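Remember, predicted model here, so these are calculated numbers, not experimental data.
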Amino acid sequence: MTSLLELKEIFRSADAVCFDVDSTVIREEGIDELAKFCGVGDAVAEMTRRAMGGTVTFKAALTARLGLIRPSYEQVQKLISDNPPQLTPGIRELVSRLQQRGVQVFLVSGGFQSIVEHVALQLNIPTANVFANRLKFYFNGEYAGFDETQPTAESGGKGKVITHLKEQFHFKKVVMIGDGATDMEACPPADCFIGFGGNVIRKQVKEKAKWYITHFDELLKELEEQ
């Protein structure tokens, strides 16, 4: 069993760090914001809560939620322009510090590519380092489903992304940071999981994660101590 000290050493010497996005890198849950914007906020928030608690499969929850929202292309674009995602305090500094150290930073999200790419842009993360779900639209802009072939569309998908990154780039140590059950599941293949409770505390994650933080300053301090 890996100790907290060993986890901290893995983080300090990692060659790649993967962040969940909703309620981790940004303060809100993108799908809940989209649901509110489309007038079905309460019903979808309850489904999100169940999905994050790990009681239903991620794909089943995603399908059900999107079936209720049915967002058009125009609605998604308007959400991003009218209510842009709010970055979590400390994330900009942490990502910048990791990049200065030559660490590759990835966003691995069960959220939507268009929203996550907007976040990546604010953090100077290349869009090639974004792994998220893709919404599909008909030629008239109406909702046409989502790309079910994306690994992030399924439970265990974040682990598949990390396995792919290790194979492609030969990373020795990959860290996963996130607030939910799907993030914790990604370790292994991630070498270290850091639970994040700065925006919302998921009981199951707080109880099971060996390293649990509530502010990104805690990780910045770890990097400074080296």
Side-chain angles (χ1 to χ4, degrees), residues 1-27 52-54 86-111 116 119-120 122-126 129-131 152 155-226:
M1 296 291 279
T2 319
S3 70
L4 180 57
L5 276 174
E6 286 169 317
L7 291 178
K8 289 184 173 186
E9 176 51 37
I10 291 169
F11 173 66
R12 286 196 298 266
S13 59
D15 38 17
V17 175
C18 298
F19 287 92
D20 170 51
V21 176
D22 294 337
S23 297
T24 300
V25 167
I26 62 173
R27 305 198 71 142
M52 294 309 288
Q86 301 298 304
L87 292 177
T88 300
I91 188 64
R92 199 187 290 276
E93 295 78 4
L94 179 58
V95 168
S96 176
R97 187 80 186 89
L98 288 166
Q99 289 171 332
Q100 284 165 16
R101 292 163 66 94
V103 178
Q104 287 279 336
V105 177
F106 296 87
L107 298 181
V108 184
S109 172
V116 177
V119 174
Q122 294 180 69
L123 295 170
N124 296 314
I125 295 170
N129 288 19
V130 169
F131 293 84
T152 48
S155 299
K158 291 180 181 181
K160 286 181 188 160
V161 170
I162 290 171
T163 297
H164 161 74
L165 292 176
K166 282 186 158 186
E167 287 169 356
Q168 186 177 356
F169 297 107
H170 308 292
F171 292 137
K172 299 279 187 293
K173 292 177 189 169
V174 179
V175 173
M176 180 76 212
I177 301 172
D179 67 292
T182 59
D183 307 309
M184 194 161 57
E185 280 172 6
C187 182
D191 302 278
C192 164
F193 169 67
I194 303 170
F196 182 72
N199 293 309
V200 60
I201 291 176
R202 317 270 181 206
K203 185 167 174 280
Q204 176 194 11
V205 177
K206 187 177 183 186
E207 286 172 358
K208 291 188 180 172
K210 281 195 200 152
W211 189 1
Y212 195 81
I213 63 166
T214 53
H215 202 288
F216 287 125
D217 280 357
E218 295 172 61
L219 297 184
L220 269 170
K221 282 191 194 116
E222 284 300 324
L223 296 177
E224 303 308 330
E225 278 174 21
Q226 196 169 23

Would you please name every residue forming a side-chain contact (heavy atoms from CB on, under 4.5 Å) with K160, sequence neighbours left out?
P151, E154

Do [X] and [Y] come close enough that some side-chain heavy atom pair is under 4.5 Å?
X: V119; Y: L87; value: yes
X: I125; Y: Q99; value: yes
X: C18; Y: L165; value: yes
X: E224; Y: K221; value: no
X: F106; Y: V161; value: no

Residues at least two apart in sequence or cross-chain that pass ring pair (Phe, Tyr, Trp, His ring centres under 6.0 Å) with F19, listed by chain then number, are none

Separation of [Y] [atom2] from [X] [atom1] (nearest 0.5 Å):
X: D191; Y: M176; atom1: CG; atom2: CE; answer: 13.0 Å
X: D20; Y: K158; atom1: CG; atom2: NZ; answer: 3.5 Å
X: R27; Y: D22; atom1: CZ; atom2: CG; answer: 14.0 Å
X: L94; Y: H215; atom1: CG; atom2: NE2; answer: 10.5 Å
X: I213; Y: I194; atom1: CD1; atom2: CD1; answer: 6.0 Å
X: K208; Y: F193; atom1: NZ; atom2: CZ; answer: 11.5 Å

Return the minimal non-hydrogen interatomic distance between [X] and [Y], and the atom names on each side.
X: F216; Y: T88; result: CE1-CG2, 3.8 Å
X: G178; Y: T24; result: CA-OG1, 3.6 Å
X: P189; Y: T163; result: CG-OG1, 3.3 Å
X: C192; Y: W211; result: SG-CE3, 4.3 Å
X: G159; Y: A186; result: N-CB, 3.8 Å

Using a strict threshold of under 4.0 Å (side-chain N to carboxylate O), is an ion pair present between R12 and E9?
yes

Evaluate the criterion side chain to side chain contact (heavy atoms under 4.5 Å, CB included) for residue pair F171 and Q104; output intermediate values, then yes/no.
CA-CA 9 Å; F171 292 137; Q104 287 279 336; 3.9 Å; yes

Can you list the steps and then say if V108 with T152 is a side chain to side chain contact (heavy atoms under 4.5 Å, CB included)?
CA-CA 8 Å; V108 184; T152 48; 4.2 Å; yes

Starting from the C-alpha separation in whole Å, work towards a yes-or-no answer on side chain to side chain contact (heavy atoms under 4.5 Å, CB included) for D183 and F196.
CA-CA 10 Å; D183 307 309; F196 182 72; over 6 Å; no

E185 side chain to G156 main-chain N or O, any donor-acceptor pair under 3.5 Å?
yes

With a 3.5 Å distance limit and no angle check, can you tell me whether R92 reaches the backbone of Q122 through a side-chain donor-acceptor pair?
yes

Hey, are S23 and N199 close enough side-chain-wise for a donor-acceptor pair under 3.5 Å?
no

If the test is side chain to side chain contact (heavy atoms under 4.5 Å, CB included), which one of V175, L219, V17 qualifies with L98?
V17

Could you go through V103 and D15, starting from their C-alpha distance and side-chain angles, then the distance that decides it, and tell me whether this counts as side chain to side chain contact (heavy atoms under 4.5 Å, CB included)?
CA-CA 5 Å; V103 178; D15 38 17; 5.9 Å; no

